[in-house]
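These notes concern the structure reproduced below.
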2 protein chains.
Amino acid sequence: MFVSKVNRVFAASIIAGLVLFAPAGAQSSSVASLLAADNGWAKVYAAKQLPQSVGYVDAAGSVLAPNAPKATGRAAIGKLFAEFFALPNVQISWKPTEASVAASGDIGYTSGVYQMSFTQNGKVVPDHGKYVTIWKHEADGSWKVLLDIFNSDLPASPT
Amino acid sequence: MFVSKVNRVFAASIIAGLVLFAPAGAQSSSVASLLAADNGWAKVYAAKQLPQSVGYVDAAGSVLAPNAPKATGRAAIGKLFAEFFALPNVQISWKPTEASVAASGDIGYTSGVYQMSFTQNGKVVPDHGKYVTIWKHEADGSWKVLLDIFNSDLPASPT
């Protein structure tokens with residue numbers, strides 16, 4: 001039994017080793033740092049921390065929000081985020097479900113799902129949907145948002 | 001005058017040479033092929049050519065349309081496209097306004113604007129908005145869609 005357990009641990013180590021030291025090893029570490037950036041951004045955004053949220057965006061980045069024109073640059077994006085954070089009782093969370101980094105490591109993308117709600121005329125308005133974010137690996141080693149776009153899964157309101 | 005003209009042609013050749021043989025040459029050619037893919041996709045989509053439109057999508061690709069769940073794989077995406085093409089008098093066009101390719105050439109993205117309209121209850125319903133498409137450079141040299149997402153610039157309908 002003890003031997004068998006050791007063998008299982010040994011086998012698990014081999015499998016872990018294969019995963020860790022596969023040719024994609026360097027890229028896996030990039031993917032991990034990219035996922036950390038996405039999750040870090042989600043955390044400061046959920047906490048409605050405006051400067052920190054804008055700080056995740058590249059100076060030339062754009063946010064493509066539904067029902068609004070494209071916002072490019074930190075000033076325009078900061079205005080968009082501030083308006084969002086000012087919605088009554090707004091709550092938002094998102095999580096990446098996929099992430100990939102180019103072999104060269106300069107560009108990556110994440111995609112995932114969001115949930116949000118706010119209060120309008122005393123009623124809770126819920127929403128959930130999906131997003132795609134394109135990230136640039138900056139000279140300082142950080143990932144910054146080049147393009148962020150999202151939309152709702154809910155049926156359109158009748159026109 | 002003749003000499004002057006020759007000199008101008010010569011100077012133009014030097015400038016063209018600098019652009020063509022700059023270090024970013026390979027990437028520029030990738031960007032050109034990526035833009036050609038985006039424009040080619042827009043053309044078959046505008047013509048409502050279903051197999052050709054689905055053919056631009058990677059086998060594991062996803063389309064993230066507003067007011068709908070994420071569609072992954074060619075069967076689900078074909079169904080989504082067919083429903084769109086079946087809208088009464090539907091017309092759509094898009095054009096990329098930016099495109100970039102990773103230094104390694106394996107991943108690229110385009111972003112741009114779309115215009116569409118269809119008929120509902122005898123009235124033309126217009127829309128315009130923006131999109132982001134992530135492309136994979138396939139083994140055969142073609143670009144295929146990994147992720148495509150878009151949303152409207154128009155204000156939301158009142159809930």
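We name chains A, B, ... by the order of the sequence lines, and we start the count at 1 in each one. Hydrogens, waters and symmetry mates play no part in the numbers below; they use all other heavy atoms, side chains included.
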For this session: Please determine, by modelled atom types, if A:Tyr131 and A:Asn151 share a side-chain donor-acceptor pair under 3.5 angstrom.
Result: no

Exercise. Side chains of B:Ser93 and B:Lys95: donor-acceptor distance under 3.5 Å anywhere?
Worked result: no

For this session: Only pairs at least two apart or in different chains count here, so list each side chain to side chain donor-acceptor pair (under 3.5 Å) that has a residue in residues 60-85 of chain A.
Result: A:Ser62-A:Thr72, A:Lys70-B:Glu98, A:Lys79-A:Glu83

For this session: Heavy-atom pairs under 4.5 Å with chain B are the metric here; pick the option from A:Pro155, A:Ser152, A:Gly108 that has the most.
Result: A:Ser152

Exercise. Most heavy-atom pairs under 4.5 angstrom with chain B, which of A:Pro69, A:Ala65, A:Gly105?
Worked result: A:Ala65

Exercise. Non-hydrogen atoms of chain B under 4.5 Å away: do they reach the side chain of A:Ile149, the backbone, both or neither?
Worked result: both

Exercise. Quick one: what part of A:Pro66 sits under 4.5 Å from any heavy atom of chain B, side chain, backbone, both or neither?
Worked result: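 Backbone plus side chain of A:Pro66, per the 4.5 Å heavy-atom cut-off to chain B.
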
Seminar exercise, completed: Whatever's closer than 4.5 Å to a heavy atom in chain A on B:Leu64 counts as both

Exercise. Does the pair A:Asp38 and A:Trp94 meet the rule for a side-chain hydrogen bond (donor to acceptor under 3.5 Å, both in side chains), with working shown?
Worked result: CA-CA 9 Å; A:Asp38 195 304; A:Trp94 73 74; 2.8 Å; yes

Seminar exercise, completed: Per ring pair (Phe, Tyr, Trp, His ring centres under 6.0 Å), A:Tyr45 is matched among A:Phe81, A:Phe150, A:Tyr114 by A:Phe81

